[in-house]
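Notes for the one structure printed next.
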Amino acid sequence: MSDLEALTQRVLAFRDERDWAQFHNPKDLAISLALESHEVMELFQWKGPDELESVCRERREDLADELADVLAYTLLLAHGTGIDLQEALLAKLEKNALKYPVEKARGSNRKYTEL
């Protein structure tokens, strides 16, 4: 069992112990994922470039908690929709490699349509 599968099983066990599967349809999981993502963004909201490092250091536990929530909802949504995240990520990396060839994209923040 991969680490990702083991994490998914831990999240599912936590959910099932509380009988929360009844609330975990794709729509609500996607909404929860978006809300948790916004909580990550909120930690950085209104901070200038010179403040970002201190936010990461001083709010590290808060950031870790919010990223963990994002991961948990991602794992639940993937499981509920039958998506193998490892396979999906590897496939997406291959697609992105075609969109962003190293010789064109290295050191650039431009979108692939602008390269």
Side-chain angles (χ1 to χ4, degrees):
M1 178 182 297
S2 73
D3 291 342
L4 197 55
E5 291 169 331
L7 284 173
T8 300
Q9 291 306 311
R10 291 281 305 267
V11 172
L12 291 170
F14 181 89
R15 177 202 67 188
D16 292 345
E17 288 168 353
R18 288 152 183 83
D19 192 27
W20 288 348
Q22 62 184 315
F23 309 116
H24 288 180
N25 61 72
K27 174 192 68 81
D28 289 321
L29 289 171
I31 290 170
S32 296
L33 175 58
L35 291 171
E36 295 299 338
S37 296
H38 288 130
E39 290 183 19
V40 172
M41 293 188 307
E42 188 176 32
L43 293 172
F44 297 100
Q45 186 178 24
W46 313 120
K47 305 296 187 270
D50 56 326
E51 299 172 282
L52 297 179
E53 186 177 323
S54 66
V55 169
C56 290
R57 186 178 57 254
E58 294 166 15
R59 304 284 308 269
R60 183 175 180 82
E61 185 176 350
D62 295 329
L63 179 58
D65 285 347
E66 299 308 337
L67 289 172
D69 286 340
V70 167
L71 179 57
Y73 281 117
T74 299
L75 294 173
L76 287 167
L77 184 57
H79 178 268
T81 56
I83 293 174
D84 180 322
L85 279 177
Q86 182 171 326
E87 183 180 294
L89 179 57
L90 293 174
K92 183 63 175 177
L93 286 171
E94 287 182 24
K95 291 175 186 176
N96 283 346
L98 295 174
K99 288 181 180 179
Y100 296 96
V102 173
E103 60 277 2
K104 290 183 178 181
R106 185 172 179 79
S108 173
N109 64 355
R110 290 184 285 163
K111 188 172 178 173
Y112 68 94
T113 56
E114 299 172 349
L115 294 175

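- Minimum heavy-atom separation, P26 to T81: CG-CG2, 4.1 Å.
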* Please test K111 against Y100 for side-chain contact (heavy atoms from CB on, under 4.5 Å), starting from the C-alpha separation and ending with a verdict. => CA-CA 8 Å; K111 188 172 178 173; Y100 296 96; 4.0 Å; yes
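- Counting all heavy atoms, side chain and backbone alike, L43 lies closest to R59 at CD2-NH2, 3.2 Å.
- Proximity of L89 to Q86: side-chain heavy atoms (C-beta onward) are nowhere separated by under 4.5 Å.
- For D84 against E87, the heavy-atom pair with the smallest separation is OD1-N, 2.9 Å.
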* Would V11 and L71 satisfy side-chain contact (heavy atoms from CB on, under 4.5 Å), going step by step from the backbone distance to the final call? -> CA-CA 10 Å; V11 172; L71 179 57; over 6 Å; no
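- Environment of NZ in K104: sparse, with no more than 12 heavy atoms of neighbouring residues, nucleotides or ligands closer than 6.0 Å.
- For the atom pair D65 CG and E36 CD, the distance stands at 10.0 Å (nearest 0.5 Å).
- The NE2 atom of H24 sits 5.5 Å away from atom OH of Y73, with the distance rounded to the nearest 0.5 Å.
- Neither I31 nor W20 shares a network with the other; the hydrophobic side chains, linked directly or stepwise wherever heavy atoms of I, L, V, M, F, W or Y lie under 4.5 Å apart, form separate groups for each.
- Note that R18 lies in the cation-pi zone of F14, set by a 6.0 Å cut-off to the ring centre and a 45° limit from the axis.
- Scanning both residues, A105 and L115, for their nearest heavy atoms gives CB-CD1, 3.9 Å.
- At most 12 non-hydrogen atoms from other residues, nucleotides or ligands lie less than 6.0 angstrom from CD of E53.
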* Chi angles and distances behind the side-chain contact (heavy atoms from CB on, under 4.5 Å) call for L85, T8 -> CA-CA 10 Å; L85 279 177; T8 300; 5.9 Å; no
